[in-house]
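Below is one structure; the comments refer to it alone.
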Amino acid sequence: MPDSIVELQNVTKVYTLGSNEIYALNGVSLSIKKGDFVTIMGPSGSGKSTLLNMVGCLDLPGEGIVRINGTDVSTLSDDELTTLRRDNIGFIFQQFNLIQTLTAIENVEMPMIFNRMDADARRKKALSLFKQSNLEVEYADHRPNELSGGQQQRVAIARALANDPPIILADEPTGNLDTKTGESIMALLGDLNSKGTTVIVVTHDPRLAEYSNTAIRLQDGEIYHGSGEKNQ
Amino acid sequence: MDLVKRISSNMYVELAKRNLKRHAFRTILAAIGIIIGVIAISSMGILGNSLKLSVSGSLGDVGNEIVLYPAYGETVITEKQVDDLSKVGDIEYIIPLLSSAARAEYKDEETFTNVYGIERDDLYPLVELEDGHFLRSGSKDCVVGASLADDLDLELGSRLTVQDSQLRVVGILKESGFGFAIDPDRATFITPEAYEKLFDDEEDGYNTVIVKVKDLDDVETVAESIEERLNKKEETVTVLVTGTILESIDEIFNSISLFLMGIGSISLLVAGVSILNVMLMSTMERTKEIGIMKAVGASRNEILKMFMLEALFLGIAASLIGGVLSFGGGFLVNILILDDASYLFAPSSILYIVAGVMFGIITSLAGGMYPAWKASNMRPLDALRYE
């Protein structure tokens, strides 16, 4: 499947808690095509965060294969995984996860620093990402704790877009926001998707599924109903 | 200038500065540790160096001579041995000396002097005249050292009483400082004939022989040849090379400096441990931050660089402050122990401050190494989950 940007084959992840083995993921296979908008839903403990971490190369599968852009991640070293993340994946977290010592615009510039972009180019890019994420430029030099939750999440989105990744991963992006702000954030993600970015959102809010063209439901570490593959 | 601008606008540099400021009080405490360590090392080094300079300052221009004494069990160096000596090559002068300590009186003053019996021609290579002229052979003339002349208010023509005999002062020497073979400042030089009359119960032979070599580079080889020739069967003379005595004094004081610096470095070691502690706390606190950075594309090297930069900045700032304060510390120990701070600004003292500053920076880097390594090896997922 050359057109799938994310591909999981029979992925299993087992955590040991004391003497109990917990299957966070149990033989999950799925394929996400370039340009998809996928929501992954399920109750707490269903394995959706584990799945997202697999796709984000933050975690490696116990068994099975994860391919990002055609690359089998289990063959990569720690630094190679970092490079893969830097070039392919933009992260959006529930808690925004901005660096408190850096200003808003520096947070957006950070991934470009790791990508060795020169200072002028990255400042220019960061400012255009600010606009794209509907942020006022006057907030550029504010520290994260001086911004509202919605503003912080917009900074986080701008940061996620810094290196033009083909994939955006969002873990409960609206979880810490009020409904109205949440809707505007989802609209922003929908907007990105319409420009060709693959967006994968983990949530337990069924309303968010409206924005996606594919919904994956997880239960007890297995796909319960609907998947990218079956929808084809 | 461009480089300075680039460094100061570098995000890693900026981040390191901000993180150090974030816990300003903790940073200052860690810095104080390094500052104290650098002061301790530098001022101890300065003390050792000042000790050395003050001792070698009181030694005269020792030069590089070979001095022969009778070996243990022998009383004199015989005429025959001096003859044998002249067969050794590369020697410029052989100066045999008779010597005794004696009481010297002039008018109402009296003191002790070392009386040397020496040929007139042998005096030239050995000492320098301040006033008057050298001995005439067979006379009852004497040439006296500067300190002796000073103590007894001797002038040219004064009649000095030594061993109940009167000697006429015909020459006064320049001040030369303490020497190994002879002590010219307190000496009374007379002819060997006059010496025989003053100390008539002496055995036949010399107390000391000074050998000057043609080329100073050969002094060791000449000393070996002398040993071979005179001490072939048994040890009859003791051969000393004055330059090596100076070298061993130098070595002793270098060891003292090193020992004192070793004591100082204990405090730097403690400072290093406190840096390790502070940085380790900082990495724990910033675990989540490290996770975020790794998630958005920071490699292990980049995380390592961030933390090492913090340690480096802390080390440089604290060590430089310590270096400046070391002048105060060095001044204090020199005044307290030596009563003299004049060696504080000697180039070799400054060198110890530079060494102290270098050690301070190295210690900070060493203390920062483990926390930085630990931070860089955190797994991004674990780090992100850390609350």
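Just so we're clear, the structure is a prediction, and the values are computed from it rather than from any experiment. Residue numbers start from 1 in every chain, and the chains themselves are labelled A, B, ... in the order their sequence lines are given, proteins ahead of strands.
Here B/Ala295 is the residue among B/Pro380, B/Ala295, B/Ser299 with the most heavy-atom pairs under 4.5 Å with chain A.
Contact residues of residues 106-114 of chain A toward chain B are A/Glu106, A/Glu109, A/Met110, A/Pro111, A/Ile113, A/Phe114 (heavy-atom distance under 4.5 Å).
When the shell of 6.0 Å around OH of B/Tyr12 is examined, it contains more than 12 heavy atoms from other residues, nucleotides or ligands. Within a 6.0 Å radius of CZ in A/Phe91, more than 12 heavy atoms belonging to other residues, nucleotides or ligands are found. Atom CD of B/Glu285 has more than 12 heavy atoms from other residues, nucleotides or ligands within 6.0 Å. More than 12 heavy-atom neighbours from other residues, nucleotides or ligands sit within 6.0 angstrom of OH on A/Tyr15.
With rounding to the nearest 0.5 angstrom, the CG atom of A/Asp78 is 5.0 Å from the CZ atom of B/Arg300. The OG1 atom of A/Thr82 sits 10.5 Å away from the CG atom of B/Asn301 when rounded to the nearest 0.5 Å.
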Given side-chain contact (heavy atoms from CB on, under 4.5 Å), test B/Arg18 with A/Ile99 step by step and report yes or no.
CA-CA 12 Å; B/Arg18 284 184 208 172; A/Ile99 306 289; over 6 Å; no

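Both the backbone and the side chain of A/Thr101 come within contact range of chain B, with heavy atoms under 4.5 Å apart. Heavy-atom distances place both the backbone and the side chain of A/Asn97 under 4.5 Å from chain B. Contacts between B/Arg379 and chain A at a heavy-atom distance below 4.5 Å involve the side chain alone, from C-beta outward. For B/Glu289, the parts sitting under 4.5 Å from any heavy atom of chain A are the backbone and the side chain alike.
You'll find the side chain of B/Ile292 reaches within 4.5 Å of the side chain of A/Arg159, heavy atoms only.
B/Val296 approaches A/Arg86 most closely through the heavy-atom pair O-CG, 4.1 Å.
Evaluation of the ring pair (Phe, Tyr, Trp, His ring centres under 6.0 Å) rule for A/Phe37 yields no partner, not counting sequence neighbours.
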